[in-house]
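Note that ligands are numbered from 1 as they come in the structure, with each ligand's atoms numbered from 1 the same way.
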Amino acid sequence: MKIKSADFVTSNTDVSKCPKEQIPEYAFIGRSNVGKSSLINMITGRTKLAKTSGKPGKTQLINHFKINEDWFLVDLPGYGYAQVSKSKRQTFQEFIKDYLLLRQQLICTFVLIDSRLEPQKIDLEFMEFLGENNVPFYIVFTKSDKLKLSELNRNIKVYSKTMTKSNWESMPPYFVTSAVDTTGKEELLDFIDKLNQQVATQS
Ligand code: GTP
Ligand code: MG
C-alpha cells in the first residue's frame, strides 16, 4: 500500500470523543519506550507525525492519524512506566482499556514487544487481558536492528514457548520491525491493506 496522506486528527483520553467516522482503525500498544510512535512514523514515511522520545512516557493520549483519507492509525500511551505516578498510571490503564473494549471501528490491535528482551510479565498480562476480552491482536517485535538475526530468532522462539506454556494454544501471528532500517514496513502495510479490503467487502 502506498501512503498518499497521513494527517493528525485528534488527541484525547475519552473513547466517546474519538472520531465518529466509521472507517477501519488499527492501534499500536505496548510498554513505554517500546517504539510505538516511531513505528507509526516509519510505516507512514513521515518522520514527525507521532512524537517520539528517548525517555519513556512521551505519548500520554489516544492519538488518531488519518491515512489516505481512508483509515485510522492510533498511537496509544505506553503501559508499565514506573516513573509516572500511580494514580496517573491507573488513569492510563482505564482509558486505554475503555478504548480497546469499546471502540467499534478497531479492526486489529498491534501489541509491540521489544525484540531484545526476555518475555516481560506486564506484556504477557496485557495480552491475557486482550485474549479474555476477545480483542483481536497481532504481535510486533520492535527494534530488530539492535540484535543479530540469530538472537532475534532465539528470542522469538523463547516468546512462543513462554506463551504456549501459559494459556495460549500458540503465539499469535507476528511481525518483525525496525524503525531504523524499515524492516517490516511493507508486511505491515500489506496486512492492513488486506484487512481494509475485507472490511470494505463486508459492509
Ligand atoms: P511512549 O510514547 O513513551 O510510550 O514510547 P513509544 O513506545 O512511543 O516509543 P518511541 O517511539 O517514542 O521510541 C522510544 C525510543 O526508542 C526512541 O529513542 C526511539 O528512537 C527508539 N526506537 C524506537 N524504535 C526503534 C527501532 O526500531 N530501533 C532502534 N534502534 N531504536 C528505536
Ligand atoms: Mg509514543
Side-chain angles (χ1 to χ4, degrees), residues 3 6-13 18 25-67 72-100 108-117 119-127 129-130 137-153 155-156 159 174-189 191:
I3 304 295
D7 302 297
F8 169 73
V9 182
T10 51
S11 283
N12 62 69
T13 55
C18 288
E25 182 161 318
Y26 304 89
F28 286 1
I29 183 82
R31 285 199 309 141
S32 286
N33 219 39
V34 69
K36 300 173 291 295
S37 303
S38 302
L39 189 61
I40 286 185
N41 292 340
M42 188 275 269
I43 67 169
T44 56
R46 310 292 197 272
T47 49
K48 290 187 180 135
L49 187 63
K51 290 193 185 112
T52 66
S53 169
K55 285 188 210 140
K58 180 70 180 171
T59 310
Q60 303 209 358
L61 301 165
I62 304 169
N63 297 291
H64 276 75
F65 301 98
K66 201 174 196 183
I67 313 297
F72 286 122
L73 254 185
V74 177
D75 192 14
L76 294 171
Y79 49 75
Y81 173 43
Q83 297 301 311
V84 178
S85 72
K86 205 167 178 195
S87 62
K88 202 160 186 189
R89 235 184 324 165
Q90 283 300 336
T91 334
F92 284 178
Q93 287 167 354
E94 285 312 311
F95 78 74
I96 295 171
K97 280 182 183 173
D98 282 352
Y99 166 80
L100 292 166
C108 183
T109 300
F110 295 97
V111 177
L112 275 60
I113 304 284
D114 190 327
S115 62
R116 298 170 297 178
L117 306 180
Q120 307 283 303
K121 192 164 167 247
I122 193 158
D123 292 321
L124 297 167
E125 281 174 3
F126 190 76
M127 287 187 274
F129 161 79
L130 294 179
F137 71 94
Y138 277 58
I139 289 179
V140 173
F141 289 104
T142 63
K143 309 194 184 184
S144 68
D145 58 284
K146 292 239 189 185
L147 71 188
K148 291 191 205 131
L149 187 61
S150 55
E151 293 168 327
L152 174 74
N153 288 334
N155 288 357
I156 292 174
Y159 221 95
Y174 66 87
F175 296 89
V176 171
T177 64
S178 161
V180 169
D181 64 20
T182 75
T183 296
K185 177 178 179 176
E186 297 308 321
E187 289 83 353
L188 260 177
L189 286 175
F191 177 71

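With Lys66 contributing its side chain and Ala6 its backbone, the two residues share no donor-acceptor pair below 3.5 Å.
Between the side chains of Ser37 and Thr59, at least one donor-acceptor pair of N or O atoms lies under 3.5 Å. Ser11 and Asn63 form a side-chain donor-acceptor contact under 3.5 Å, judged by distance and modelled atom types alone. Checked by atom type, the side-chain pair Ser178/Asp181 shows a donor-acceptor distance below 3.5 Å.
For a threshold of 3.5 Å applied to N or O pairs, the pair formed by Ala179 and ligand 1 contains at least one separation below that value. Not a single N or O atom of Lys51, backbone or side chain, sits closer than 3.5 Å to an N or O atom of ligand 1. Checked by distance only, ligand 1 and Val34 come closer than 3.5 Å through their nitrogen or oxygen atoms. By the 3.5 Å distance cut-off applied to N or O atoms, Lys36 is counted among the residues near ligand 1. Between Pro77 and ligand 1, no pair of N/O atoms sits closer than 3.5 Å. At a 3.5 angstrom cut-off on N or O pairs, Asn33 counts as close to ligand 1. Checking only distances, Lys143 does come within under 3.5 Å of ligand 1, N or O to N or O. Considering backbone and side-chain N/O atoms, Thr59 comes within less than 3.5 Å of an N/O atom of ligand 1.
Protein contacts to the Mg ion (ligand 2) involving N, O or S atoms at a distance below 2.8 Å are Ser37 OG, Thr59 OG1.
Contacts between Ser53 and ligand 1 below 4.0 angstrom, taking non-hydrogen atoms only, involve the backbone exclusively. When heavy-atom distances to ligand 1 are checked against a 4.0 Å cut-off, Asp145 comes that close only through its side chain, counted from C-beta outward. At a heavy-atom cutoff of 4.0 Å, ligand 1 is contacted by both the backbone and the side chain of Ser38. Residue Lys146 touches ligand 1 through its side chain alone, judged by heavy-atom distances below 4.0 Å.
In this structure, atom 9 (O) of ligand 1 lies nearest to the protein heavy atom Gly35 N, 3.2 Å. Of all protein heavy atoms, the one closest to atom 18 (O) of ligand 1 is Gly54 CA, 3.4 Å. Residue, atom and distance of the protein heavy atom nearest to atom 29 (C) of ligand 1 are Val180 CG2, 3.5 Å.
Asp123 and Arg31 are joined by a salt bridge, as a carboxylate oxygen and a charged side-chain nitrogen come within less than 4.0 angstrom of each other.
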Query - Ser144/Thr177 under side chain to side chain contact (heavy atoms under 4.5 Å, CB included): CA gap, chis, key distance, verdict - result: CA-CA 6 Å; Ser144 68; Thr177 64; 5.8 Å; no
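The structure places OG1 of Thr142 at 7.5 Å from CZ of Arg116, a figure rounded to the nearest 0.5 Å. The line from CG of Leu117 to CG of Asn155 is 8.0 Å long, rounded to the nearest 0.5 Å. Distance check, rounded to the nearest 0.5 Å: OH of Tyr174 to OH of Tyr138 gives 13.0 Å. Rounding to the nearest 0.5 Å places CD1 of Ile40 at 11.5 Å from OG1 of Thr52.
Listed by number with element, the atoms of ligand 1 under 4.0 Å from a non-hydrogen atom of Pro56 are 3 (O). Within ligand 1, the atoms closer than 4.0 Å to a non-hydrogen atom of Ser178 are 27 (O), numbered from 1 in the order shown. Of all atoms in ligand 1, numbered sequentially from 1 with element shown, those under 4.0 Å from a heavy atom of Gly78 are 4 (O). Atoms of ligand 1 found under 4.0 Å from any heavy atom of Ser37 (numbered from 1 in listed order, with element): 8 (O), 11 (O).
Here the options are Leu39, Leu188, Ile139, the test is side-chain contact (heavy atoms from CB on, under 4.5 Å), and the partner is Phe175; only Leu188 passes. Paired with Phe28 under the rule ring pair (Phe, Tyr, Trp, His ring centres under 6.0 Å), one option of Phe110, Phe65, Phe72 passes, and it is Phe110.
Every heavy atom of Thr142 sits 4.0 Å or more from the atoms of ligand 1. Assignment of Gly57 to the shell around ligand 1 is supported, since a heavy atom sits closer than 4.0 Å.
Put simply, the side chain of Ile62 reaches to within 4.5 Å of the side chain of Leu76, judged on heavy atoms. Counting heavy atoms from C-beta on, the side chains of Asn41 and Thr47 never come closer than 4.5 Å.
With ring centers used as reference points, Tyr79 lies under 6.0 Å from Phe126. The distance between the ring centers of Tyr159 and Phe141 falls below 6.0 angstrom.
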